[in-house]
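Structure first, then comments.
Heavy atoms only: backbone and side chains are in, while hydrogens, waters and symmetry mates are out.
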Amino acid sequence: MSEDHHHDHQHHHDNRYSDMQARVRALETVLTEKGLIDPGAIDAIVETYETKIGPRNGAHVVAKAWSDPDFAEWLKRDATAAIASLGYAGRQGEHMRAVFNTPDTHNLVVCTLCSCYPWSVLGLPPVWYKAPAYRSRAVIDPRGVLAEFGLTLPETRKIRVWDSTAELRYLVIPERPEGTDGMSEEALAKLVSRDSMIGTAIAGMQP
Amino acid sequence: MSEDHHHDHQHHHDNRYSDMQARVRALETVLTEKGLIDPGAIDAIVETYETKIGPRNGAHVVAKAWSDPDFAEWLKRDATAAIASLGYAGRQGEHMRAVFNTPDTHNLVVCTLCSCYPWSVLGLPPVWYKAPAYRSRAVIDPRGVLAEFGLTLPETRKIRVWDSTAELRYLVIPERPEGTDGMSEEALAKLVSRDSMIGTAIAGMQP
Amino acid sequence: MNGPHDLGGQMGFGPVAPEKDEPYFHAEWEKRALGITLSCGAFGAWSIDESRHARENIPPADYLTASYYEIWTRALEVLLERHGFATRTEIDSGHKQTVPATPKRILAADMVPGVLARGGPCDRPVDTEPLFQPGDRVRTRNFNPTTHTRLPRYARSKTGVVEAVQGSYVFPDDNAHGRGENPQWVYTVVFDGGEIWGEGADPTLTVSIDAWESYLERV
Amino acid sequence: MNGPHDLGGQMGFGPVAPEKDEPYFHAEWEKRALGITLSCGAFGAWSIDESRHARENIPPADYLTASYYEIWTRALEVLLERHGFATRTEIDSGHKQTVPATPKRILAADMVPGVLARGGPCDRPVDTEPLFQPGDRVRTRNFNPTTHTRLPRYARSKTGVVEAVQGSYVFPDDNAHGRGENPQWVYTVVFDGGEIWGEGADPTLTVSIDAWESYLERV
């Protein structure tokens, strides 16, 4: 019915994008035909983030900070260098800051404007980190957001939200859980979840 | 492919609404079955806004204001009463204000928060008045908006934007075009377009 | 709430697209949607403020793509469910399954002219004198409620001048949530474009809002 | 620009929905979209700032419903067209029809480890001393450009305290539009929740942004 067309157009405004699989395949095909991209490079990028760069990197940083006061001090002073000393550097981690949770203050990281995230230590961001619900609310209602992750902080705990508006990337250093004295770095690293390094969890919390 | 489901869900988030014709028919049917609405009342409402209440009402008000200084004065002082004296009152025109263009100041009406509009004198609002492009930009870039209506005002002309945030409804009284001395109210009313009473045109301008 | 409806100053929607010789309706269903919405409004079960808030609560991407009659319809469905007039299943199926709540009034065809002519005035007397007078400098408050408000985001924490006392009206921020009409004085407050939009604002621009008294503080 | 990307403080998106044991990718095309985006970034034809602005320019309703890899892909298509690497017809059809512009670099598989390890540092030396020092009270400027900025809308015209001088970095507001890197000092500025969100703000909340020097004025 032609009089409906106006509204159908508004509603189904961009069907071209409904099949992303086909769309991205077409893009890869034409760019490869043009000699602009190397599908092997794509494979290598994907493999890197599937197997080499992920939250284990960050957990190693945190566990070392818990175990080695000199390293923790270095991390506070120059996170980029301290983290690079463990072999973690590069894309979306060029300029790192480590922010330490304390009994007084809980840190939470967000990027309200896009999805800035410390790839070099945490890998690729989860979907929720990039989605409107988290980006809109983390800065205005962090306790409400944390509750949705199952984390309820004491009412008096200060909450510091870091909105990553520039090229600095933030790694939260969670508090070391109680009862972990004498544990090895390797064992400690297992207590450090990805979310605890974003601030939506604490270390040792059941995921 | 099941791994695509997550994204398909995001993209086609609400197919229920894709056929408004069917949806609204279902709503009318069930409410009628329940005895809550009278389809005849719907017909009467539609007929009213298709034949009785529209921009001709406002054009009459404007033409009278141009022709009768006492009426213009009344309109400035108590628009609701002056307009009601011509028989125009009621829904979405309960509390009227008339704002007069002058050689110094052009008035423009918008409702950024919804689509408040003076139905009693202008009838149902056009689609653009209710749509995001107009509502977002009228308050920050009125000259850019006016240009899209083909209206370029002198650079020194002051622009006053009225954001209808409460229950007051605004009627712009455009300036009387030059060369209209001695014209009858009826003839003058023909120069008054709907848009000139919103502020996106001036009177006598080619639509 | 800072919902998708609060559009003043947002960007990215492209040019305004006025339609030449636009018809009153673009489809038959729009006529019915208008009539049904007004008919259900006559039930007396919700206020215009509650219905506005229901529209604001439509998910943002839906709100921004829906036509306004679709926005009305989606919100109406929520209100009908909330107030016991129809269940979601009934709305989806188009068939009666339950006995509805009793409306205060059912709009018959012969009542239409009178109802439209009366409208729904929302001026209410208040016992107090207006706190502000024309010429007073005022500052809008800063708040970001999750509930209904008619103070747009762009006009918060801004300094302007009271231009007129417009009368006393039902307070939507309360009335939308069943907390009573609690009428207040309403003022037209004018802001320089530069106060609102800062550097680069059109120097010839002033913007006014109609602000309830509790939105304002004396400067 | 006050685009759909500027989400801080907006409402209506519902609860955050963390996914248990979320996989790295939810579909094969997401892997390819990641790799293609990074490969095309290696052309050296646009900056990260220009690519962010291309994402911000996606129509709001599309931006708010698209997954982030879709946002990347839509913006990439615009950049490829703008810089002469592919036409819209080629992108839609998936077949070469024109000779592309010459990229500064084509990313081969064996270059990937080095390129990812280097990343794209954007610290740059500046000749000036920082205008502000930790402890200084500053006010963010008020502006609403239609162009790229990294000062979120919620943090404009707000008073905070400089917590740290973070170094000097490429200025995105200029660089996104080809006006040069024009590096500036960047500061971490901390605001009380109440300063930003007003009445009803969480009293335990502070929010910080990283602000380029020209975003700030001394209070």
Open item on the list: Counting C-beta onward and ignoring hydrogens, is there a side-chain heavy-atom pair between Ile37(A) and Phe85(D) closer than 4.5 Å?
Closed with: no
Task: Close side-chain approach of Leu116(D) and Trp119(A), heavy atoms under 4.5 Å - done: no
Open item on the list: Under 3.5 Å, is there a donor on one side chain and an acceptor on the other for Ser208(D) and Arg160(A)?
Closed with: yes
Open item on the list: Between Leu80(D) and chain A, with a heavy-atom cut-off of 4.5 Å, which part of the residue counts as in contact: side chain, backbone, both or neither?
Closed with: side chain
TODO: Spell out, as yes or no, whether a donor-acceptor pair under 3.5 Å connects the side chain of Glu94(A) to the backbone of Gly120(D).
DONE: yes
Task: chain D contacts, top residue of Cys114(A), Gly123(A), Ser164(A), Ala44(A) (heavy-atom pairs, under 4.5 Å) - done: Cys114(A)
Task: Side-chain touch Val46(A)/Phe25(D), heavy atoms, less than 4.5 angstrom - done: yes
Task: Region of Val190(D) in contact with chain A, defined by heavy-atom distances below 4.5 Å - done: side chain
- [ ] Select one option (side chain, backbone, both, neither) describing which atoms of Asp43(A) are under 4.5 Å from chain D's heavy atoms.
- [x] both
Open item on the list: Does any backbone or side-chain atom of Leu36(A) lie under 4.5 Å from a heavy atom of chain D? Answer side chain, backbone, both or neither.
Closed with: both
Task: Most contacts with chain A, counted as non-hydrogen pairs under 4.5 angstrom, among Ala33(D), Ser93(D), Pro121(D), Pro23(D) - done: Pro121(D)
- [ ] Considering only heavy atoms and a distance below 4.5 Å, find which of Glu163(D), Arg118(D), Glu56(D) pairs most often with chain A.
- [x] Glu163(D)
Open item on the list: Side chains of Tyr69(D) and Met20(A), heavy atoms from C-beta outward: is any pair under 4.5 Å?
Closed with: no
TODO: Tell me, for Pro154(A) versus chain D, whether the close heavy atoms (under 4.5 Å) come from the side chain, the backbone, both or neither.
DONE: neither
Task: Minimal non-hydrogen separation, Ser39(D) against Ile45(A), with atom names - done: OG-CD1, 4.0 Å
Open item on the list: Contact between Pro18(D) and Thr200(A) at the side-chain level, heavy atoms closer than 4.5 Å - yes or no?
Closed with: no
Open item on the list: Would you say CD of Glu199(D) has more than 12 non-hydrogen atoms from neighbouring residues, nucleotides or ligands within 6.0 angstrom?
Closed with: yes
- [ ] Please confirm whether the backbone N or O of Val16(D) pairs with a side-chain atom of Glu148(A), one donor and one acceptor, at under 3.5 Å?
- [x] yes
TODO: Report the option among Val139(A), Leu113(A), Ile159(A) that has the most heavy-atom pairs separated by less than 4.5 Å from atoms of chain D.
DONE: Leu113(A)
- [ ] Spell out, as yes or no, whether a donor-acceptor pair under 3.5 Å connects the side chain of Ser136(A) to the backbone of Met11(D).
- [x] no
- [ ] Measure Val186(D) against the heavy atoms of chain A and call it side chain, backbone, both or neither at under 4.5 Å.
- [x] side chain
- [ ] Quick one: which of Gln10(D), Met111(D), Gln97(D), Glu22(D) has the most heavy-atom pairs under 4.5 Å with chain A, could you say?
- [x] Glu22(D)
TODO: Return yes if some donor-acceptor pair links the side-chain N/O of Arg97(A) with the main-chain N/O of Gln166(D) below 3.5 Å, else return no.
DONE: yes
Task: Residue among Asp123(D), Asp21(D), Ile91(D) with most heavy-atom pairs under 4.5 Å to chain A - done: Asp123(D)
- [ ] Return the minimal non-hydrogen interatomic distance between Glu19(D) and Trp128(A), and the atom names on each side.
- [x] N-CD1, 4.3 Å
Task: Closest heavy-atom pair and its distance - Leu31(A), Cys40(D) - done: CD1-SG, 3.7 Å
Task: chain A contacts, top residue of Ala155(D), Cys122(D), Pro203(D), Gly167(D) (heavy-atom pairs, under 4.5 Å) - done: Cys122(D)
TODO: Taking the side chain as every heavy atom from C-beta outward, state whether Ile140(A) and Tyr154(D) have any atom pair closer than 4.5 Å.
DONE: no
Task: Largest heavy-atom contact set with chain A, pairs under 4.5 Å, which of Gly12(D), Ala201(D), Gly35(D) - done: Gly35(D)
Task: Polar side-chain atom of Arg25(A) near backbone of Arg32(D) as donor-acceptor pair, under 3.5 Å - done: no
- [ ] Identify which part of Gln92(A) has an atom lying under 4.5 Å from any heavy atom of chain D, answering side chain, backbone, both or neither.
- [x] side chain
TODO: Measure Ala17(D) against the heavy atoms of chain A and call it side chain, backbone, both or neither at under 4.5 Å.
DONE: backbone
- [ ] With a 4.5 angstrom heavy-atom cut-off, could you sort out which part of Asp202(D) is near chain A: side chain, backbone, both or neither?
- [x] side chain
Open item on the list: Please classify the contact between Ala117(D) and chain A as side chain, backbone, both or neither, with a heavy-atom cut-off of under 4.5 Å.
Closed with: backbone
Open item on the list: Contact between Glu167(A) and Pro172(D) at the side-chain level, heavy atoms closer than 4.5 Å - yes or no?
Closed with: no
Open item on the list: Using heavy-atom distances under 4.5 Å, tell me whether Arg52(D) contacts chain A through its side chain, its backbone, both, or neither.
Closed with: side chain
Open item on the list: Is Tyr129(A) in contact with chain D via its backbone, its side chain, both, or neither, using a 4.5 Å heavy-atom distance?
Closed with: neither
Task: Under 4.5 Å from any heavy atom of chain A - which part of Leu76(D) - done: side chain
TODO: Side chain from CB out, backbone as N, CA, C, O: work out which of these in Ser115(A) comes under 4.5 Å of a heavy atom of chain D, or both, or neither.
DONE: both
Task: Closest-packed option against chain D by number of heavy-atom pairs under 4.5 Å, given Ala26(A), Ala22(A), Gly144(A) - done: Ala26(A)
Open item on the list: With no hydrogens and no angle check, just 3.5 Å: does a side-chain donor-acceptor pair link Lys34(A) and Thr98(D)?
Closed with: yes
Task: chain A contact via Asp110(D) - side chain, backbone, both or neither, heavy atoms under 4.5 Å - done: neither
Task: Pro142(A) versus chain D, the contacting section by heavy-atom distance below 4.5 Å - done: side chain
